[in-house]
Amino acid sequence: MSDIGLPEWPQYDERERAGLLRALEQGQWWRMGGGEVDAFEREFAEHEGARHALAVTNGTHALELALQVLGVGEGDEVVVPAFTFISSSQAAQRLGAVAVPVDVDPGTYCIDVAAAGQAVGPRTRAIMPVHMAGQLADMDGLAKLSADSGVPLLQDAAHAQGARWNGRRVGEFGSVAAYSFQNGKLMTAGEGGAVTFPDQASYEEAFLRHSCGRPREDRTYRHRTSGSNFRLNEFSAAVLRAQLSRVDEQADTRERRAPLLARLLAEIPGVVPQARDPRADRVPHYMAMFRVPGLAGERRDALVDDLVSRGLPAFVVFRAIYRTDAFWETGAPDATVDELAARCPNADALSEDGIWLHHRTLLATEEQIHQVAEIVADAVAAATARPGAAK
């Protein structure tokens, strides 16, 4: 394995150490008695331009809680992009709702607004755009679709901390948004998540539901709503406060490196990088994504293995959700895999030939970015030269 010295992930320093010690020494490690979770929620809401933020156990729970607050339940429908991590659909399906996959834009890999509009019906209770790799979905088109249909948006912003669309942050669109702080994300405590809300009433309902339906000051177990225990602990919140303190600086570095890598990748025969909508004026770049049309399925997988062997943090992209067994266990639409694939040709093709590099790649030096592109070029050339490779 070659080693070009890419930065490691997660990154930490004395800020995390000090935060953990602060959480330890306060003597209360539960959010109801400590101060770290409360402080993180205030700081994260301010960072994202939201009125309220609620920290939760992970990004999947963030989506599930947000959907429940939006009133999604048994028999309802939630429109989701076909190309996304499975949590986007499973959060709805676990509430008894039906996840309705729609196609994505072939350039940005985000939900196709026209396809989402065609999928809205009388049972639709939410539309869930996923901000893929930190590239915001078409929030102008989605806002109009939501206003025209009366169906609220739930932004899956797991990849999008600090993103902006025409100068507006994720929390400034007047819709609920869910975030993830899983180990590979832009900021992390190993696991964790958050939901941001535009109004007090939604936040208060979410607080109850994330704490087993129990009010903050309750001492007599008078649970007001159904719910679960999605509470974040004080140690994780202390780490996330430190992570938040450097997330903008890291995003600035990625914004400088990403155009260079995209240009270099685009110069490689057969490689097509993810496009950027010009209205997305700040992209935090959770992934450096690209496609290699003609190298699909097992050939694409072999290419990723080769990239890993050459020292790159490379991965195959998400499988189209309807091409997983998990999608069909509960809450699936009345359609076959082939029917959904025919409706979602972009998502289907992308999931076959797409590749992504972890965002720590974009924290590298310019010289290292050139080395990354050279490695990709060599690996793609080798893959296309193998017998049986598509031309």
Side-chain angles (χ1 to χ4, degrees), residues 4 6 81 83-85 103-112 130-138 159-160 163 165 184 186 250-296 299-304 306-308 310-320 345-384 389-390:
I4 62 173
L6 293 177
F83 178 69
T84 182
F85 184 66
D103 209 4
V104 296
D105 181 270
T108 67
Y109 312 160
C110 295
I111 194 168
D112 182 278
V130 177
H131 301 318
M132 184 56 60
Q135 160 72 60
L136 292 192
D138 180 357
H159 302 172
W165 177 270
L186 296 167
Q250 292 169 333
D252 288 343
T253 300
R254 296 190 195 95
E255 279 279 62
R256 291 193 297 270
R257 302 290 185 261
L260 172 61
L261 180 59
R263 177 176 64 79
L264 294 172
L265 292 178
E267 293 172 356
I268 301 171
V271 174
V272 182
Q274 180 186 20
R276 176 169 178 163
D277 192 306
R279 293 170 292 180
D281 52 329
R282 183 177 175 83
V283 176
H285 301 284
Y286 171 57
M287 303 161 165
M289 304 186 79
F290 59 94
R291 296 178 62 186
V292 190
L295 285 176
R299 294 192 181 102
R300 184 275 314 272
D301 299 351
L303 173 57
V304 170
D306 190 14
L307 293 173
V308 172
R310 296 170 189 248
L312 297 190
F315 304 84
V316 302
V317 300
F318 307 128
R319 187 179 297 274
N346 296 327
D348 215 54
L350 173 59
S351 65
E352 279 288 301
D353 60 29
I355 296 172
W356 64 277
L357 304 178
H358 187 264
H359 60 79
R360 67 186 179 93
T361 306
L362 296 173
L363 296 176
T365 65
E366 287 192 12
E367 179 182 358
Q368 289 170 319
I369 295 297
H370 280 273
Q371 292 176 298
V372 168
E374 290 169 3
I375 291 171
V376 173
D378 288 346
V380 169
T384 53

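Model, not experiment: these values are computed from the prediction.
- Leu357 has its side chain out of reach of Leu362: every pair of non-hydrogen atoms, C-beta onward, lies at least 4.5 Å apart.
- You'll find the side chain of Val317 reaches within 4.5 Å of the side chain of Phe83, heavy atoms only.
- No donor-acceptor distance shorter than 3.5 angstrom exists from the side chain of His359 to the backbone of Met287, with no hydrogens or angles considered.
- Gln274 contributes a side-chain N or O that, together with a main-chain N or O of Thr108, makes up a donor-acceptor pair within less than 3.5 Å.
- Contact check on Arg291 versus Asp353 returns a salt bridge, with a Lys/Arg side-chain nitrogen under 4.0 Å from an Asp/Glu carboxylate oxygen.
- Here the closest heavy-atom approach between residue Thr84 and residue Pro81 is recorded as CG2-O, 3.3 Å.
- Formation of a donor-acceptor pair under 3.5 Å by the His159 side chain with backbone atoms of Ala133 is found in this model.
- Using a 4.0 Å cut-off between charged nitrogen and carboxylate oxygen, Asp306 and Arg310 count as a salt-bridge pair.
- Residues Val376 and Leu307 share a closest heavy-atom pair of CA-CD2, 3.9 Å.
- Residue Glu267 places its CD atom among more than 12 non-hydrogen atoms of other residues, nucleotides or ligands, all under 6.0 Å distant.
- When each of His285, Arg282, Gln250 is checked for a side-chain hydrogen bond (donor to acceptor under 3.5 Å, both in side chains) with Glu255, only His285 meets the rule.
- Listed by chain and residue number, Val113, Asp140, Trp165, Arg279 satisfy the side-chain contact (heavy atoms from CB on, under 4.5 Å) test with Asp138 (two or more places apart in sequence, or in another chain).
- Using a 4.5 Å heavy-atom cutoff, the side chains of Leu312 and Thr361 are not in contact.
- Using modelled atom types, one side-chain atom of Arg300 and one backbone atom of Ser351 make a donor-acceptor pair closer than 3.5 Å.
- The minimum heavy-atom distance linking Leu260 with His370 is given by the pair CD1-NE2, 4.0 Å.
- At distances below 3.5 Å, not a single donor-acceptor pair connects side-chain atoms of Asn346 with backbone N or O atoms of Asp103.
- The environment of CZ in Arg319 is sparse: at most 12 heavy-atom neighbours from other residues, nucleotides or ligands sit within 6.0 Å.
- Taking every heavy atom of both residues into account, Gln135 and Cys110 meet most closely at O-SG, 3.1 Å.
- What you find for Ala314 and Val304 is that their closest heavy atoms are O-CG1, 3.7 Å.
- In plain terms, the two heavy atoms of Pro273 and Ala266 that are nearest each other are CG-N, 3.8 Å.
- Between the side chain of Trp356 and the backbone N or O of Val316 there is at least one donor-acceptor pair closer than 3.5 Å.
- Looking at His358 and Leu6, their side chains never come closer than 4.5 Å, going by heavy atoms from C-beta outward.
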